[in-house]
Each structure stands twice: as C-alpha cells, then as structure tokens.
Amino acid sequence: MRRYLLKKPFSEIEKVYYDTVIIGSGIAGVYTALCLNSEKETVIITKDTIDMSNSVLAQGGIAVSLDKGDSPALHFQDTLTAGAGLCNEESVWVLVNEAADRIERLLEFGVQFDRKSKDELAFGREAAHSKNRIIHAGDTTGKEVCDKLILAAKNRKNITIKEKVFAVDLITEGQEAKGVLAYDEKKKEFVIFVSDAIVCAAGGFGRLYKMTTNPDVATGDGVCMAYRAGAFLADMEFVQFHPTVLYHPENKHFLISEAVRGEGAVLRNQKKERFMHRYHKLEELAPRDVVARAIFTEMQKDQAENVFLDITFKDREYLMNRFPNIFKTCLGYGIDMSKNYIPVAPAEHYCMGGIKTDVWGRTNIKGFYACGEAACTGIHGANRLASNSLLEGLVFGGNIARILNRQGRKKEKITIRDACLPEYALSFEDKDLEIKEHIREIMTSYVGIVRNKEGLETALKMIRGYISLIEKKEPLIPEHFEIYNMLQLAEVITENALFREESRGAHFRSDFTSPDDKQKKSIIREIGKEVRYDTEPHVY
Ligand code: SIN
C-alpha cells in the first residue's frame, strides 16, 4: 500500500495555516478545541456536517463515580474487569480520576443531565458496572452534550469549523507531522492544512460491518491515514458488538440502550423464554461481549435473526419519560415497548483499538495526537465498559489541549516539501464502489462476533484480492479514499484476529475458546512490519 493516496504534488495544492488542526467533530474533537487557549487559531475539519458523529448518537450516558458509596477505585475495577486483562492501568486511573472534573466542565457549558432533585444528578445502571453511575440526558445524552459543545465552539473566535472536508492523508517529514492533505467537497478541491499540532478525533470504523449503530461516516479514515503515516495501531482485533440493536425490516441500526436492561428489561428467545441465566451470573447485565455472544448462540440455535427485549412490566408513562427517543422510534415501527417485545440483534458498536497513544494523547509521530474512538489509550482493553467512551473523549481530549497550550506558535514557519507520490495505471469504475458492500459482508461473516482460522483466512484472501485490484487505480473522491481505508483496516483487523489464538473480551475464536495468559498483551501494528505484541513503553 502507498504512503500517500493522491498523486498531485503538494506544491500544486493550496495551503492554509493553523496552530491546531482537529480532524473530527464528535465529543473528543470539539471538546479538545474548546480547551485550547483562545489565541490558538484552530480548525475543526469534519467529513460531513458538524453534528454528524458517533458521539451524537450515544444514548446511555457518561460513567462517573459521583453517587454515594461509589468511588474512582470501584469505577477503575469495573473497567479493568470488563477489559479482560488488557487495560492499561495508568490510562484507566487517569480516566476515572479526571471524570468528575470533566462533568463539572460540561455543566459549565450548560449541559442538562437528568436529576433526582435540584442538587442531585440521577445515576442509571448499565451492564458490568457495580454501581449506579451513568449520568444521562434522557436517552439522547450524546446529542445533548454535543449540541452544547458545538454551540460553544461556534461562539469562539479562534475556532473555525470546516464541514464536508475529508482528511485524506497526514503529511509527515521524518517522524514529524506537518499537515493534513484534505479534500474540500464544497469547492471540489484539495487543500493542505499546515500545522505542527494535528489531532485525530475522527472516530472508529463501524461501517466495515453490515449491521452497526455507527453513522455512515464511520469508515476509519483517521485511523488508516495515521497508519499510512507510520503511527502505531493497537488492539485492532477488538471490535465491540452491542447486544441490543433494533431488528426491524426498515431499521437495523437503531440502538436500544443498555440502560433499558439497566432498568430491568430481560432478553427472550424465539420461544419467548429467558436465557441469560445459562450464560452468566449477572444475566442481562453481564459484560457486553458475553451478552452479545449469548444472543448470537440463541439465534443460531433457533435459526433466527433476532431475539426480543422485554420491558413490558414497566408502565407506559414511565417508559415515555425515561426513554423518550427509544419509545418514539419503536412506536414509529408499530412497537409499543410497554406492550410489545422489541426485536433486537447484536450489531457492531465500538472499536476498542485505534491509534496508540499515551495518556497525553501523544502518538509515536511528533506533533500528531489522537483521542476518542480513533485512539487506543488502552482504557478499554479487550472490551469497553459501557458509557466510558464519551468520558474518554473528554478526558484525553482535555489532556491533549493541556499539552498544546504549553507550546509556542510557529505555523507560518512550517514548509512542506513534495514527497514521492504514487503512480496509478487505471481509473476507478462505478462498479468498484460495490466493494464497500463486499467488505461489510466479508467482515460480518468471518471477522464478527465468532471467528475461526478457516473463516479468517478466507476473509484475508478476499480482502487482499480487492486490495490488489484497487492498488492500480487512482482515487479521486472521498468514496474512493474510503474504499482504500476500509480495505486496509479490514486487512489489519483480520490479520490481528488470526494472530491472536485465544478468546479474550470481544475477540472470540471458536477454535481457541479460552484465554491464554501468554497472549495477555496488546498487538501493535506498524505499516510494512510484521504483526507483533506490544513491547514499546506507553509514553512518548
Ligand atoms: C448504550 O446506551 O447502550 C450505549 C452506551 C455505550 O455504548 O457506552
């Protein structure tokens, strides 16, 4: 695969200069921008509109140990237990200890969380949490938080927001970041955002799968751009499937929040029988990977495509107030959750892996930082604890801003040399766009909830076949770049999944069903190098 995707020399592309370039407009990107000093000229570039991100869709809430009887130590322990032995403890400590401060900041930005009383936040429960510690805004927490942060960003003079700008490649010289090569869809032109401080908060890669809760934009472009530039990726084989996503002919993406099970909802199979007691002592509130696999097994047994979620024992009024968005959406499909079971199935939800960073968001490339789902700080290990991801964006985005605020400004002094650019023999054809759907089918069939050697090898062969097909073709528009990125990441995920010959957290191998302590290490990927276990120090 090539270092850069575009074949046009950098000297022929317009350049714009900023102190900080942030890629992505979810909670991590926007919060980082808001924490930067007001003299830092900052641009947020986003592939779609500013309000289109995975964060906006987050329903459940944000984990914080503020309730009586709770503590950061308990939150730490729950995170580690869910992470199945692979969490980075230093990062998790930072996460749980900084949580209260970040919630305070959100309240200052005007975020309205649900309350028990005027002075007390309401705390919900989600799977694998030993305490009620999820603060929420109804069942649209992500939207409430993002709306308030985006409003604040729009009011800051030092922050420019550029929508419909697709980040294609990170420009580096040596091991240093110099800028971002991007495609401005409105102007139909390429542009280089020159900066020595580039933050990738571009989210994950859920759209590599057929069924996902992620929006269309989640094709892993930020992670793949970093990989091409030489950034280390970690934990890429760990892909989280949310157990309960609406399964309706017209909608197979809508999340039915874990908070519904937190309020007591139970799972039933096709015979309308409960089954979770056969899989885990915490039943419906077992860790997410356990619940997703249990549902998958029941669906296979019954040769069915879904199971059911039952919260019919709660009254209508209560459900309409606690879950207004879920209630309304289900009703739109003729499902009254106070009377009917909700058909659900697991779907891809979150990528634990990403660009390897330390607790300051630093990567192995100088001047290049990552936070949010695009990053791998090691807090999720092999399986993310529910409602830790919005928090992750706030904590590590805030940390990146702290580091950048200490740096001087030198943006106008940065020069960019032309690099060695690729040659292409062929052009993309319309039928090549179908490759995206094929990738999703391959990943869902062979690199999904249950994996094995034979399936992974089949997937790898098909993915590599597509890679050799498109390698000769010149990518010109975002859809072409996405295909490159999706194939490159699909290959990385599949190779990692083959390499890890054990079952741990979200990575389940039917041919190696137990964890193997000798493999209790992260897998690191570096372009052009063999798959390897992590031996690097966690600080850059
Ligand atoms: C949910 O509401 O179930 C999702 C929460 C999360 O993924 O953290």
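Counting starts at 1 for both ligands and their atoms, in listed order.
Residue Leu255 touches ligand 1 through its side chain alone, judged by heavy-atom distances below 4.0 Å.
Ring geometry, Trp93 versus Phe76: the interplanar angle falls under 30°, so the pair is classed parallel (tilted spans 30 to 60°).
Under a cut-off of 6.0 angstrom, the local environment of CD in Glu305 is sparse, with at most 12 non-hydrogen atoms contributed by other residues, nucleotides or ligands.
Salt-bridge check for Asp289 with Arg293: passed, with a basic side-chain N closer than 4.0 Å to an acidic carboxylate O. Arg504 has no carboxylate O lying under 4.0 Å from a charged side-chain N of Glu237, or vice versa, which leaves the two without a salt bridge.
In terms of polar-atom proximity, defined here as any N/O pair under 3.5 Å, Gly60 does make such a contact with ligand 1.
The option with the heavy atom closest to atom 3 (O) of ligand 1, from among Glu258, Arg261, Arg384, is Glu258.
With no hydrogens or angles considered, no side-chain donor-acceptor pair links Tyr350 and His242 at under 3.5 Å. A donor atom on one side chain and an acceptor atom on the other are not found under 3.5 Å apart for Gln59 and Asp139. Side chains of Asn485 and Thr219: no donor on one and acceptor on the other come within 3.5 Å.
Close approach to His349 involves these atoms of ligand 1, each under 4.0 Å from a residue heavy atom: 4 (C), 6 (C), 7 (O). Taking a cut-off of under 4.0 Å to the non-hydrogen atoms of His242, the atoms of ligand 1 that pass are 1 (C), 3 (O), 4 (C). Each of the atoms 8 (O) of ligand 1 lies under 4.0 Å from some heavy atom of Ala386.
Taking atom 2 (O) of ligand 1 as the reference point, the nearest protein heavy-atom neighbour is Ser257 OG, 2.6 Å. At the top of the distance list for atom 8 (O) of ligand 1, counting protein heavy atoms only, stands Ser387 N, 2.6 Å. Protein heavy atom nearest atom 6 (C) of ligand 1, with residue, atom name and distance: Arg288 NH2, 3.2 Å.
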